[in-house]
Each structure stands twice: as structure tokens, then as C-alpha cells.
Amino acid sequence: MEPINDIMNTEIYNGTSLSDVLTLDFLAGLLGNVVGGLLILIIGFVIAGWVRRRVVAISKRRPRLDDTLFGFLGQIARYLVLIFTGLIVLNTLGIQTTSIIAALGAAGLAVGLALQGTLSNVAAGVMIIMFRPFKLGDFIEVSGEMGTVKDISLNTTELASLSNTQVIVPNASIWGNVIENFSVYTTRRAEWTFGVGYGANLKTAEEVILSTIMADDRSKSDPEPFIQVNGLGDSSVDFLVRVWVDSADFFQYQADMKRKVKEALDQHGVDIPFPTRTLVVERDEDGAIAAE
């Protein structure tokens, strides 16, 4: 009987022996702790979801606030509530959380070292969401990619290209590079270089170019348009032209004006030069082409 008594009196957990475990009072207390922990866990999930929705709803009520930022803050708030709930559940079950937190910290450090690239994307995603260099719907160019911003997550940013293909850009590539946002300002300045022949009347060419562009309803007279001779090329006199236009019209407007100016110059007989090459053929006394 002594071996059995030794087994029954062996401490198995926090000063509790096997004989203590086999008592009805201990089992009832353990069952109560488990049920209480489950109830706390369920309540914690409910509260976490409610907190997230409340944070996200802040941006819904105020159109000037960014939905992406408050969606991110809502997720952070939800995770914080769940972590706090987990600690309460562990304490309810009688588990010391100090050692668990220390172990999780060490494990987090190891995982962080192994996932440096992923974590750099997450860190960049946090910076993008917090400082908002662009928002959903903006048309941007970054890391050699151009498109409309469709989604911003912690790891990547999704763009819709000009040909409507999905482009996924890692956030680390975005935050560490120059971002060109075409949607911030309502107007943009279009710029062209038009070349005319050296024999053309420059005053006439200037009037034709400027009047053709300003006749378009999309062209803005304020700020004042700019045109002047900017270069003397190998075969052309180059005019630099700058005119302001609404950002939404920029790309189509810039293309349309190239065609309209070309047609207008043709109608007014203004020569538009193109590269030419002059060949000098030398012949010998017999009329044959001389070899080089």
C-alpha cells in the first residue's frame, strides 16, 4: 500500500497532489474554472467584434476620415481585446501568465528574425496607413508601376493598371521609393514640344499652335498658357508649350492636342520637319560610282 500512498501524495501541480485531484471539490472547482473561462472567452470575442465595428464606424460617420486607416485601427483594437481576454482566461484556469508572456516574447523575437522581409512589409504598411501618402481610388506611380489604388493591406498594395490588370506591390517597395500621386491636385500642367522647319514663319507658327490648343474647352486660361522657342534642333525650331487642364482630362487632352496641332499646322502651310539624310554620290571618269 505504501507505493500507492506515495503515488497519491505526489505533487502534480502547484502544491496539488493526485489525491487532491480525485476529490469532488477539486473536480467541481476545476469544472467551474473551465466553464468560467469559456464564458469569458465568448464574451471577449463579442466585445472585440463590437469594438472593431465601433472604431470603423467613426470613419463612416465622417466622410473626411480615411476608411483604410480606421479599418486598420479597428483590427488593432480587436486584437488587443482578444489578447487581454486570453490573459484573463489563463488566470481563471490558475495558469501563471508571466512565464507564458516571457516565452511568447522569445518566440516572437525568433519569428521576427526569420521573417524580416515580411515584417518590413508590415511596418511599411503601418506607415502607409498612418501617414496616407495615397488613399483608395488615387492614381499613382511607384516602383515602376502605375495604376489606381484598389486596396491597401499590411503586406501589399493592390493597383489596377491602365490596362485593368491587377498589380500587387509589396509595401516595403512603396514606402522606400518615390511615390507620384496624380490624384492629389485638381489641375495639372500639360506640356508639349512642337517642331517647325527653319524656313517657317515663327510668329505664324506660334499663333497657330496656341490658338489651336486654347480653342479646346478643356484648356484653362488661368494660369496663363506658356509658349516660346525652346531649342534649335538639327532640322527644326522647337516650341515649348505648357497649358493647365483638369487632372481628370490630362492624358486624353495631351494626346488630342498633338493631333489637332499637327492638322492645324498642315492647314496653314507650316512645315513640320522630319529627319533627312543627304547622300553625295561620286563617280569616276567613266561614270561609275567610285568605291569608298
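Everything numeric in this text was worked out from a predicted model, so none of it was measured.
- Under the ring-ring contact (aromatic ring centres under 6.0 Å, His included) criterion, Phe250 pairs with no residue, sequence neighbours left out.
- Looking at heavy atoms from C-beta onward, Glu207 lies out of side-chain contact with His268 at the 4.5 angstrom threshold.
- The backbone N or O of Ser161 lies less than 3.5 Å from no partner atom in the side chain of Thr165, so there is not a single donor-acceptor pair.
- Residues Ser153 and Asn155 bring no donor and acceptor atom of their side chains to less than 3.5 Å of each other.
- The hydrophobic cluster containing Leu210 does not contain Leu240, counting ILVMFWY residues as joined when their side-chain heavy atoms lie under 4.5 angstrom apart, directly or transitively.
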I would like to know whether Thr157 and Asp151 meet side-chain hydrogen bond (donor to acceptor under 3.5 Å, both in side chains); could you show each step before the answer? CA-CA 6 Å; Thr157 295; Asp151 184 45; over 6 Å; no
What's the verdict on side-chain contact (heavy atoms from CB on, under 4.5 Å) for Met146 and Ile140, showing C-alpha distance, side-chain angles and the deciding distance? CA-CA 6 Å; Met146 179 183 291; Ile140 67 172; over 6 Å; no
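- Looking only at distances, no side-chain donor or acceptor of Ser236 sits under 3.5 Å from a matching main-chain atom of Gly233.
- Under a 3.5 Å cut-off, the side chain of Asn181 and the backbone N or O of Ser183 do form a donor-acceptor pair.
- In this structure the side chain of Asp271 never reaches within 4.5 angstrom of the side chain of Val196, judged on heavy atoms.
- By the rule that hydrophobic residues join a cluster once side-chain heavy atoms approach within less than 4.5 Å of another member, Phe84 and Leu82 end up as members of one cluster.
- More than 12 heavy atoms of other residues, nucleotides or ligands sit less than 6.0 Å from atom CZ of Phe226.
- Residues Leu80 and Val55 are members of one and the same hydrophobic cluster, defined by side-chain heavy-atom contacts under 4.5 angstrom among Ile, Leu, Val, Met, Phe, Trp and Tyr.
- Atom CD of Gln228 is surrounded by more than 12 heavy atoms from other residues, nucleotides or ligands within 6.0 Å.
- No side-chain heavy atom of Thr187 sits less than 4.5 Å from a side-chain heavy atom of Val245.
- The minimum heavy-atom distance between Val208 and Ala264, with the atom names listed, is CG1-CB, 3.7 Å.
- Transitive grouping of hydrophobic side chains (ILVMFWY, heavy atoms separated by less than 4.5 Å) brings Val149 and Phe131 into a common cluster.
- Side-chain contact between Val169 and Leu159: present, with at least one pair of heavy atoms (C-beta onward) separated by less than 4.5 Å.
- Minimum heavy-atom separation, Ser120 to Ala172: OG-CB, 4.0 Å.
- Without hydrogens or angle criteria, Asp138 side chain to Lys135 main chain gives a donor-acceptor distance under 3.5 Å.
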Applying side-chain contact (heavy atoms from CB on, under 4.5 Å), run through Phe251 and Phe139 and close with a yes or a no. CA-CA 12 Å; Phe251 290 103; Phe139 187 79; 4.0 Å; yes
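- With hydrogens and angles ignored, the 3.5 Å screen pairs no side-chain donor or acceptor of Asn121 with any backbone N or O of Thr156.
- Arg53 is not listed as a side-chain neighbour of Arg78, based on a closest heavy-atom distance of 4.5 Å or more.
- For Asp246, the salt bridge (charged side-chain N to carboxylate O under 4.0 Å, His left out) criterion is met by Lys220, not counting sequence neighbours.
- Taking the centre of each ring, Phe239 and Phe194 stay at or above the 6.0 Å mark.
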Apply side-chain contact (heavy atoms from CB on, under 4.5 Å) to Phe134 and Ile128, showing your working. CA-CA 8 Å; Phe134 52 82; Ile128 292 172; 3.8 Å; yes
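- For the pairing with Ser143, the side chain to side chain contact (heavy atoms under 4.5 Å, CB included) check across Val167, Ile179, Asn177 returns one residue only, Asn177.
- Each of Ile42 and Trp50 belongs to its own hydrophobic cluster when Ile, Leu, Val, Met, Phe, Trp and Tyr are linked at side-chain heavy-atom distances under 4.5 angstrom.
- Heavy-atom contacts from other residues, nucleotides or ligands closer than 6.0 Å to OH of Tyr198 number more than 12.
- Between Ile174 and Val142, the closest heavy-atom pair is CA-CG2, 3.9 Å.
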Is there a salt bridge (charged side-chain N to carboxylate O under 4.0 Å, His left out) between Asp256 and Arg218? Walk through the geometry before answering. CA-CA 11 Å; Asp256 290 345; Arg218 294 169 293 182; 2.9 Å; yes
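- Ion pairing of Arg242 with Glu191 is present here, as a side-chain N (NZ or NE/NH1/NH2) and a carboxylate O approach within less than 4.0 Å.
- Taking each heavy atom of Ala205 and Leu265 in turn, the nearest pair found is O-CD2, 4.3 Å.
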Please evaluate residues Ile168 and Gln166 with respect to the criterion side-chain contact (heavy atoms from CB on, under 4.5 Å), reporting the C-alpha separation (whole Å), side-chain torsions for both, the decisive distance (0.1 Å), and the verdict. CA-CA 7 Å; Ile168 304 297; Gln166 184 187 55; 3.9 Å; yes
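- For the pair Met214/Val243, a side-chain contact is recorded, criterion being any heavy-atom separation below 4.5 Å from C-beta on.
- For Tyr253 and Trp192, the distance between ring centers is under 6.0 angstrom.
- Atom-to-atom distance recorded for Thr212:OG1 and Lys260:NZ is 9.0 Å, nearest 0.5 angstrom.
- Checked for salt-bridge contact, Lys262 and Asp266 meet the test: a charged N lies under 4.0 Å from a carboxylate O.
- The distance from atom CD1 of Ile152 to atom CG of Leu136, rounded to the nearest 0.5 Å, is 5.0 Å.
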